[in-house]
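These numbers come from the heavy atoms of this one structure, side chains and all, not from hydrogens, waters or symmetry mates. Each residue takes its place number in the sequence, starting with 1.
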Amino acid sequence: MGAVDVNALRGVSFEIEDGEFIGIMGPSGSGKSTLLHVLGLLDYPTSGSLTVEGVDVLGLSDRERTRFRLERLGYVFQDYALIGELTALENIYLTPMVRGSGRDEFEQAAFAILDEVGLADRADHLQHELSGGEQQRVAIARALVNRPAIVFADEPCANLDTATSRTILDLFARLNRELGQTIVMVSHEEWHQQYFDRVIRLEDGLVDQVEHQDVRGSPVRT
């Protein structure tokens, strides 16, 4: 910011195992969203290294990074980021369509994942015809339609009430368990940690502590 350096992250180092459901928590301004953007290849760190599935992703070209994101990563944003002019089904099949799948293939894949999140009967509805919880489930289905190895979710429950939030988190937990996908989720709600295998807490751009869950909801701080 002009002559002032703002260090959103200041030497964060950790590993995430395949199939973990990870929570990233901490106060506002601690670097949670920046960390998620770096992990998801949406931002570049000014230094350091990042390896995803054995690939040094910081060494990829822009084209290679785009293809890597498209094929291996999924994103759920807290503001849903749906396209208002498209139906729920169309919002979901954009990503497999961009990958080059045939029309029958991407429509079938989109409808299947929409059914998996319980919204098959809302396939033809536009964004303004869906509740907040339904919109978030469409956003989750869009993130999952390509069956990515890793799903990144940036405070996906921030705009939802407690009951709807629990529905979304139950869905995440089920998909994590049944599909074996790694999920990395930014959260500001303490009660969410009952869903996580491990919580990484940030403070002023640093890892403050890591909480391992021997049983979900029972943190062991280190």
Side-chain angles (χ1 to χ4, degrees), residues 16-25 32 36 39-42 52-53 68-82 88-99 101 105-123 130-189 191-200 212-213 215-217:
I16 295 173
E17 297 295 329
D18 184 40
E20 279 193 292
F21 190 170
I22 295 292
I24 298 177
M25 306 185 76
K32 301 187 300 296
L36 200 73
L39 294 176
L41 311 188
L42 299 176
V52 181
E53 293 194 313
F68 189 95
R69 284 197 305 260
L70 186 62
E71 293 181 347
R72 306 193 194 185
L73 309 180
Y75 302 86
V76 182
F77 303 98
Q78 63 175 286
D79 61 355
Y80 317 137
L82 301 179
L89 187 68
E90 290 166 341
N91 267 283
I92 294 168
Y93 71 52
L94 275 180
T95 49
M97 183 173 67
V98 170
R99 287 182 65 178
S101 302
E105 182 182 352
F106 67 64
E107 284 188 344
Q108 289 174 10
F111 190 82
I113 196 68
L114 195 61
D115 184 47
E116 204 162 341
V117 300
L119 289 177
D121 61 337
R122 311 291 276 173
L130 302 171
S131 69
E134 288 172 337
Q135 290 179 56
Q136 191 60 287
R137 279 189 281 166
V138 172
I140 291 171
R142 180 185 56 194
L144 296 173
V145 66
N146 285 339
R147 301 297 183 183
I150 308 170
V151 176
F152 297 100
D154 190 0
E155 299 200 41
C157 302
N159 301 317
L160 306 177
D161 60 37
T162 301
T164 306
S165 295
R166 192 171 293 280
T167 298
I168 294 299
L169 288 167
D170 286 342
L171 173 62
F172 269 130
R174 179 174 65 82
L175 295 174
N176 167 250
R177 182 176 63 252
E178 294 179 0
L179 302 181
Q181 287 166 317
T182 304
I183 299 177
V184 183
M185 174 179 154
V186 168
S187 173
H188 64 279
E189 295 284 354
W191 68 269
H192 289 178
Q193 67 183 299
Q194 66 187 274
Y195 288 89
F196 304 142
D197 297 316
R198 190 156 51 107
V199 175
I200 297 170
H212 300 267
Q213 313 283 62
V215 176
R216 281 184 179 172

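Looking at every heavy atom in both residues, Val151 comes nearest to Ala143 through CG1-CB, 4.5 Å. In terms of heavy atoms, Leu73 sits closest to Gly40 at CD1-O, 3.8 Å. Contact between Pro96 and Val145 at its shortest, heavy atoms only, is CD-CG1, 3.6 Å. Looking at every heavy atom in both residues, Ala141 comes nearest to Val117 through CB-CG2, 4.1 Å. Taking both residues in full, the closest heavy atoms of Tyr93 and Ala110 are given as CB-CB, 3.5 Å, listed atom of the first, atom of the second, then distance. The two residues Ile22 and Phe196 make their nearest non-hydrogen contact at C-CD2, 4.2 Å.
Taking CD of Gln135 as the reference point, atom CG of Leu119 lies at 10.5 Å (rounded to 0.5 Å). For the atom pair CE of Met185 and CD of Gln193, the computed distance is 11.5 Å after rounding to the nearest 0.5 Å. Expressed to the nearest 0.5 Å, how far CD1 of Ile92 lies from CD of Glu107 amounts to 12.0 Å. Here the straight-line distance linking atom NE2 of His188 with atom SG of Cys157 works out to 9.0 Å at 0.5 Å rounding. Interatomic distance, Arg147 CZ to Leu175 CG, rounded to the nearest 0.5 Å: 8.0 Å. Rounded to the nearest 0.5 angstrom, Arg198 CZ and Glu20 CD are separated by 4.0 Å.
Between Phe77 and Tyr75, the angle of the ring planes stays under 30°, which puts this pair in the parallel group of the 30/60° scheme.
The closest side-chain heavy-atom distance from Phe111 to Leu89 is below 4.5 Å. Taking 4.5 Å as the limit, every side-chain heavy atom of Asn176 sits out of range of all side-chain heavy atoms of Tyr195. Side-chain contact between Lys32 and Asp154 is absent, with no heavy atoms from C-beta onward closer than 4.5 Å. Thr95 has its side chain out of reach of Phe106: every pair of non-hydrogen atoms, C-beta onward, lies at least 4.5 Å apart. The side-chain heavy atoms of Leu42 and Arg69, taken from C-beta on, include a pair separated by under 4.5 Å.
Under a 3.5 Å cut-off, the side chain of Asn146 and the backbone N or O of Arg72 do not form any donor-acceptor pair. Panel note: side chain Ser187, backbone Gly23; no donor-acceptor pair is recorded below 3.5 Å. Checking side-chain atoms of Arg122 against main-chain N and O of Val138 turns up no donor-acceptor pair under 3.5 Å. Listed for the Ser165 side chain is a donor-acceptor partner under 3.5 Å among the backbone atoms of Asp161.
The existence of a salt bridge linking Arg166 and Glu189 is excluded, since no basic side-chain nitrogen approaches an acidic carboxylate oxygen closer than 4.0 Å.
Each of Gln136, Arg137, Gln78 was evaluated against Pro156; a single residue qualifies, Gln136, per the side chain to side chain contact (heavy atoms under 4.5 Å, CB included) test. For the pairing with His192, the side chain to side chain contact (heavy atoms under 4.5 Å, CB included) check across Val186, Leu169, Val199 returns one residue only, Leu169. Of the candidates Ile150, Thr182, Asp197, Ile16 forms a side chain to side chain contact (heavy atoms under 4.5 Å, CB included) with just one, namely Thr182.
The local environment of CG in Asp121 is crowded, with over 12 non-hydrogen atoms from other residues, nucleotides or ligands closer than 6.0 Å.
Between the side chains of Arg142 and Tyr80, not a single donor N or O lies within less than 3.5 Å of an accepting N or O.
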